[in-house]
Engineer: 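Before I ask anything, let me first share the structure, which is written out below as structure tokens.
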Amino acid sequence: MTTESLNGPLEISADTWWVGRREGSLLERNIFLRSFRQNGKPVVNMLIDPGPPADLMTLTKKVGQVIGNLRNVNLVFANHQDPDVAYNAGYLQKLNPNISVVCSEDTWRLIRFYDLDPKRYYATERFKRQALNLTTGHELRFVPTPFCHFRGATMLYDLESRILFTGDLFGGLSYVPELWADERHWEGMKAFHQIYMPVQEAMALAVRSIRALDPKPVMLAPQHGALITGGWIDFFLDRLENLPVGLNLLLDSQQKDNYLAAMNELLMELGRGVGAGPIAQAMKVFGEDNSISSVIHADAKGVRDIRIDPSTAIDIFIRRLHELIPEQSDLVEMATVKVLLGRNIPLPDAMASIQGAASPEFLEID
Ligand SMILES: [Fe+2]
Ligand SMILES: [Fe+2]
């Protein structure tokens, strides 16, 4: 599919149109229009994740091409409250005050600040079995995906088309512009989730909920990036289920690799200040001193491994550096502050005096 065909509304399934915009950025938004018909006539027109103001003109044009006018939209569904997802809901309700908004209660508490009418709001939690049955005979199911990425994020499953509208989940940065996903989209999807999703467990829970859907979806329609069909659904479910994201990455980075890198960075910093000779000499001692080598493995090229918990190891490492080059204690101290703060590593207890330094005499602080 070329980007050319995305200039107008694109019918991705019977009575379901992609009405988003492509601007050539990394964070493109998808907006979907669904018409539910009874006896061939459109009765209910629903917008899913109506997007930000930047997409409003495109949305107006494309929706107009399908259902005559944006005013003919009766229902807005919002996965969560983020402005890229839901800001336009406020404009839509100004245009047509009768538009109803459906979202989770957690989402409503925030989305209402887009000046939405509380009398036209329906909580997904209010519907029995988390399913909305329209007078046209269609059924929409709500599938909560807590903490993906918002605690109240909720997907929408259209039972007739078997399209699952997933919100940010399965969204991707547009390294590849095509609207239909294949393996080339993984890098963009991975990067997006690593940035925006808080923790892998939340995604694994969401993947479980998707796998439990009966009937199985034939299309995943996220709010960013490409749409996923056929065998690619399982491909991306498997990959996302096991992807460390957000907090997982942060915690990892504070652990062993980060501490190891910090030690070597510290040696480089000190090398700049005191020269390579004293540092090489110190590393030789590290390699030969049993009391150190049992916890920190080092050779002439630097620190190779930590064999105890990283924060204790870095304390020992810094203390030994002070002992080995006592005449350069100020440099060791400054390099330690610079490197550790740069890597989000707490300063060792021995340096508490730096963190809690007394206020200068000229400042009156209680
Ligand atoms: Fe979001
Ligand atoms: Fe988003």
Side-chain angles (χ1 to χ4, degrees), residues 6 12 18-33 46-56 58-59 76-92 101-114 116 124 142-157 163-177 179 181 185-203 205-207 209-210 219-228 236 240 243 245-250:
L6 303 181
I12 56 171
W18 176 86
V19 287
R21 183 166 81 104
R22 282 297 179 264
E23 60 183 3
S25 75
L26 275 182
L27 195 66
E28 309 272 25
R29 288 77 50 196
N30 296 322
I31 307 174
F32 302 97
L33 171 66
M46 175 176 66
L47 272 180
I48 297 134
D49 297 340
D55 297 349
L56 191 58
T58 303
L59 183 70
V76 167
F77 178 81
N79 178 285
H80 61 291
Q81 73 287 341
D82 277 354
D84 65 316
V85 178
Y87 198 109
N88 284 342
Y91 292 123
L92 285 157
V101 173
V102 178
C103 61
S104 70
E105 283 170 3
D106 286 326
T107 294
W108 173 254
R109 277 197 294 280
L110 298 164
I111 202 179
R112 69 190 181 86
F113 293 112
Y114 298 139
L116 293 170
T124 53
F142 306 119
V143 185
T145 56
F147 305 104
C148 286
H149 57 94
F150 177 58
R151 58 168 283 152
T154 300
M155 301 189 292
L156 182 73
Y157 190 29
I163 299 177
L164 180 65
F165 298 95
T166 58
D168 279 339
L169 200 61
F170 297 93
L173 299 183
S174 292
Y175 297 141
V176 180
L179 192 65
H185 290 81
W186 171 241
E187 278 311 309
M189 193 186 293
K190 179 178 154 190
F192 177 81
H193 285 76
Q194 290 192 324
I195 298 166
Y196 290 103
M197 293 295 154
V199 70
Q200 182 188 358
E201 286 85 342
M203 299 198 320
L205 191 66
V207 167
S209 299
I210 296 171
M219 190 189 298
L220 305 182
Q223 190 242 337
H224 301 282
L227 317 188
I228 303 163
F236 288 111
L240 276 197
L243 181 71
V245 294
L247 192 62
N248 309 117
L249 298 176
L250 188 69

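We count ligands from 1, going down the list as the structure has it; atoms in each ligand are counted the same way. Small disclaimer: the values here were computed from a predicted structure and weren't measured.
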Engineer: For R22 and N30, which I'm curious about, is there any donor-acceptor pair between the side chains at under 3.5 Å?
Structural biologist: yes
Engineer: How would you list, by chain and number, every residue that makes a side-chain hydrogen bond (donor to acceptor under 3.5 Å, both in side chains) with D168, sequence neighbours excluded?
Structural biologist: H80, H149, H224
Engineer: Looking at residues at least two apart in the chain, or sitting in another chain, which of them share a ring-ring contact (aromatic ring centres under 6.0 Å, His included) with H185?
Structural biologist: none
Engineer: Mind reading off the angle at the Fe ion (ligand 1) between the NE2 atom of H149 and the NE2 atom of H80, rounded to 10°?
Structural biologist: 90°
Engineer: Using the test side-chain hydrogen bond (donor to acceptor under 3.5 Å, both in side chains), find all partners of N79 that sit at least two apart in sequence or belong to another chain.
Structural biologist: none
Engineer: Return the minimal non-hydrogen interatomic distance between F192 and L27, and the atom names on each side.
Structural biologist: CE1-CD1, 3.7 Å
Engineer: Between D55 and P52, is there a donor-acceptor pair closer than 3.5 Å when you use the side chain of the first and the backbone of the second?
Structural biologist: no
Engineer: Could you name all protein N, O or S atoms found under 2.8 Å from the Fe ion (ligand 2)?
Structural biologist: D84 OD2, D168 OD1, Q223 OE1, H224 NE2
